[in-house]
Visitor: 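I'd like to ask you about the structure that follows.
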Amino acid sequence: MDSLTLIREFLENRLGVSPELVVAEAPLNDLGIDSLMMLELMFEFEDRFGITLAKGLKSPKTVGEMVALMDRLRSEQS
Amino acid sequence: MNQQRRVAVTGLGLISPFGGDLNDFFARLLAGESAVSFLRTDDVPRPLAMPFVRCQHFDADAALGRPLAGMMDRFTQLGTAAAFAAWEDAGFSRGQPTKELENWGVSWGTALGGVLAYEKGYRDLWQNGRGRVPPLSVILGMNNATNAHISIQLGLGGVSMTHTVACASSSIAIGEAFRRVRSGEAPVMLTGGSESPQAYAVVRAWEALRILASGDETTSPQACRPFSADRTGLVLGEGGAALVLEEWDHALARGARIYAEIVGYGSTSDHSHLVRPEADGQRRAMQAALSDAGLSLGEIDYVNAHGTATPEGDSVEVAALIEVFGELAARLPVSATKSMHGHQLGAAGAVEAIITVLALHQQAIPPTAHLQEIEPACLGVDHVTSARRGQPLRAALSNSFAFGGSNAVLAFRAVAH
């Protein structure tokens, strides 16, 4: 599964957000990802891809930034 | 000195184990219908298999929306949905916080809190060998999750508090809410309780006390038999129930429907034994509620008993009632509605407060179901065994007597229509 699909599934299952709205330039906050849901999303990524997100990691602002971060971590930690 | 205000009950909301609305719930109780069924799970190593009261028709996503429901343990889903129903029933709408709601509060009762969330976490860690649990675990598990969500969703800026006192949790929550409205601290308080106790270890713990009723797929509906000579114990259940308590003039000014007046609250401790109830502590709680309400013994036309159907508890409660009411006890109508809706622990007090309010509002007493042969030690009061109408109901008491010896009694008075 790619990072964008994971984000789309998470937002649809947990927050009822339509996948068409989850595009690269969409701000995560506008899609319902507040600080608490960001923790849950990060947990989901760690779980699904077997990666570890560093504690002091700066939270991405957009979907595209999140995808880029996840893809980088997956290639670094694989 | 603050002038004491009168306090009206202007909204009721409840998640019915029968699946219908509040009126349907009360109508079925009047008809003596039981919501008890047989619960069998697929837990390992030993499935739960027992009489239980489930709110199996409750659809959290439909009641709350998926995003909100996903942030809640089931006890919070049940409680928040009940609170929304009570809020709407009172004629309030849900919007952004306004200045007016800044001192409107929430007082909620739960014995176990988010125990299902905790248990899922423990299973993940200890049974499934995972190294961690999801970030929302704290938010789901914390005992104050329900009142937190209620105050956020309804925009209430006053006190947001939880009361955890075993079986008396929501009676105490209601009593403390009543005090705040009566004193003038809060014009409106949203109060009630919720519980979802069907966690594996919780049920195993209750089983170990040997006070759960026996029953199978066929006999479960009649398993909870308060005051009966052949009673075998209590039936656990889940539930959520909420009431809106409102300062009297505030309610009149906006033309609110007033179900009943809440007039008294008595809370005592047995200071005796951790599980064995004491008639003296219960007597003092009932007398305190009557005194607080300014009601005389002769004005009480109904008592909704704690009546869990444990062999020990029922007779102690009847003894306490006789101590309080003396010569009047023999003609005092008493019923134990747990015979039909089970014991929802922290939600029980709120469910029974609603039943007591509806009894006064509709002038009808629901029965103790399945009561054919009364145990001799439970004789001495007027046991209601089928719905009773036709005699005026002026005032009523609702009893909750908890493990640990905490007793809470609420007093209500009927209003003229």
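Order of the sequence lines fixes the chain letters, A, B, ..., with proteins taken first and strands second; residue numbering starts at 1 for each chain.
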Visitor: Please state whether the side chain, the backbone, both or neither of A:M42 comes within less than 4.5 Å of a heavy atom of chain B.
Guide: neither

Visitor: What part of B:L68 gets closer than 4.5 Å to chain A, counting heavy atoms only: side chain, backbone, both or neither?
Guide: neither

Visitor: Atom CD in A:E40, atom CD1 in B:I139: separation rounded to 0.5 Å?
Guide: 9.5 Å

Visitor: Where do B:R130 and A:F43 come nearest, in terms of heavy atoms and distance?
Guide: NH2-CZ, 3.6 Å

Visitor: Give a yes or no on this: more than 12 heavy atoms of other residues, nucleotides or ligands lie within 6.0 Å of atom CD of B:E88.
Guide: no

Visitor: So which atom in B:L136 and which in A:R14 form the shortest heavy-atom distance, rounded to 0.1 Å?
Guide: CD1-NH2, 3.6 Å

Visitor: How far apart are the closest heavy atoms of B:M71 and A:L36, and which atoms are they?
Guide: CE-CD2, 4.0 Å

Visitor: Counting only non-hydrogen atoms closer than 4.5 Å, does B:V138 touch chain A with its backbone (N, CA, C, O), its side chain (CB onward), both, or neither?
Guide: neither

Visitor: Heavy-atom distance under 4.5 Å to chain B: side chain of A:E46, backbone, both or neither?
Guide: both

